[in-house]
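Here is the structure we will look at, set down as structure tokens.
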Amino acid sequence: MVISGASALSVRVFASSQSWIESDAVDQCHRVAALDGMRHVAGMPDLHPGKGAPIGAAMLSSVLYPFLVGSDIGCGIAVFPIKLKRPNLERLAARFPDLDRALTPDDELWPDEIPADHPESLGTVGRGNHFVELARVDEVMQEGRVGKGDLVLIVHSGSRGLGESILRAHTEVHGAGPAADPAAYLEAHDQAVRWGSLNRRLMAERVAHALGAATAEPIVDECHNFVEVRDGLYLHRKGAARGIGNDVLVAGTRGTPSYLVAGHAGAEANFSVAHGAGRKMSRSDALRRNKAKHTVTELRRTAVGSLVVCGDRQLLFEEAPTAYKRIEQVIGDLVAHELATPVAVTIPLVTYKTRDR
DNA sequence: ATGTGC
């Protein structure tokens with residue numbers, strides 16, 4: 001849908017009529033489009049309402065607005081090839097390391113240099129929709145990246161407390177207003193982006209090491225919460241990855257497939273692709289409805305046979321597959337709008353959310 | 001989303 005008129009608001013949502021997009025999220029896109037300096041708002045097929053700003057949107061503006069990126073600056077998804085001899089799911093799930101415990105300088109994996117001099121919570125996954133997943137490549141549509149049957153680690157996490165502190169420092173003074181000193185914000189932002197990427201790599205190394213496997217360079221590592229300077233304008237991405245010749249892992253849920261796609265989005269889509277299935281229910285709705293619908297046992301052993309490591313019952317209900325849209329629909333919309341082409345499908349084997357207790 | 005808010 002293209003909505004523009006006397007107000008010159010430019011909003012486009014890349015979703016078919018069959019895709020459920022909450023009107024609150026579209027309203028948020030229009031409010032963002034009315035901000036000073038805003039040129040164009042592109043909603044991805046996983047668009048859903050966020051706190052103030054929509055999630056699953058790329059927003060191009062001559063003015064830099066930190067709140068459009070949000071607190072988890074540098075959040076993204078990386079994919080690491082991993083080789084295991086004979087994957088026994090129960091045994092592997094039990095061997096996952098404690099990713100709620102931060103690395104310390106005593107750890108073998110402790111890096112020589114840490115962006116932003118922020119050693120706190122390094123190597124931890126966080127909460128919410130973050131996860132580390134061992135998955136198997138189930139189908140290959142385009143050769144050259146992964147092969148059918150290959151195992152991968154999918155790491156979805158961000159900059160933890162660092163990005164939050166960067167946004168808070170801005171918000172305390174300027175609220176939802178523009179960055180008073182864009183260069184200073186961008187410098188801190190860039191460090192959070194590097195910190196997030198390092199964090200994902202460290203988690204992959206922690207897991208691979210615990211599972212007795214070798215680590216490899218990621219085949220994909222794309223942020224979906226960041227701002228990019230493009231032709232002198234600020235392209236804010238909030239739950240929207242770059243999709244300009246690069247591959248992106250579009251995450252399904254803890255119980256459904258994920259898709260590796262090749263992005264080829266243009267200006268109308270603000271050069272972006274979706275980052276996941278997108279929430280269909282708010283966390284509170286998901287908690288209430290899924291408590292009535294599922295047992296903990298069901299959610300810990302999913303419909304595709306995967307195991308979910310999650311010692312937090314509430315998080316398990318909030319993150320249940322039924323709280324999300326169908327990933328096939330999101331991918332279908334990306335394809336229909338020529339934003340991306342599927343490369344491979346992965347099926348979860350073991351997903352780590354938070355330590356078992 | 002968050003060394004988590006009232």
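Throughout, a chain's letter reflects where its sequence line sits, starting with A, and its residues are numbered from 1. Model, not experiment: these values are computed from the prediction.
Sequence neighbours left out, the pairs with a member in residues 176-199 of chain A that pass side chain to side chain donor-acceptor pair (under 3.5 Å) are A/Ser197-A/Asp221. Legend: side chain to side chain donor-acceptor pair (under 3.5 Å) pairs involving residues 82-95 of chain A, not counting sequence neighbours, sorted by first then second residue: A/Glu90-A/Arg301.
When hydrophobic residues (I, L, V, M, F, W, Y) are linked wherever their side-chain heavy atoms come within less than 4.5 Å, the members clustered with A/Val207 are A/Phe80, A/Ile82, A/Leu84, A/Leu89, A/Leu92, A/Phe96, A/Leu99, A/Val125, A/Val132, A/Leu134, A/Leu151, A/Leu153, A/Val155, A/Met203, A/Leu211, A/Leu307, A/Val309, A/Leu349, A/Val350, A/Tyr352. Under a 4.5 Å side-chain heavy-atom criterion applied to ILVMFWY residues, the cluster that includes A/Val79 comprises A/Ile77, A/Phe131, A/Val137, A/Val140, A/Val146, A/Val152, A/Ile154, A/Ile219, A/Val220, A/Leu249, A/Leu260, A/Val343 as well.
Residue contacts for A/Arg168: at a heavy-atom cut-off of 4.0 Å it reaches no nucleic acid atom on any strand shown. Using a 4.0 Å heavy-atom cutoff across all strands shown, A/Gly163 reaches no nucleic acid atom at all. Counting any heavy atom pair closer than 4.0 Å across all strands shown, A/Gly128 reaches sugar-phosphate atoms only and no base atom.
In this structure, A/Ile73 places its CD1 atom 12 Å from P of B/dT2, rounding to the nearest Å.
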Name the pairs: protein N/O against N/O of nucleotides 4-6 of chain B, kept only if under 3.5 Å.
none

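A/His170 pairs by the ring-ring contact (aromatic ring centres under 6.0 Å, His included) definition with A/His174, not counting sequence neighbours.
Between the side chain of A/Asn290 and the backbone N or O of A/Ala286 there is at least one donor-acceptor pair closer than 3.5 Å.
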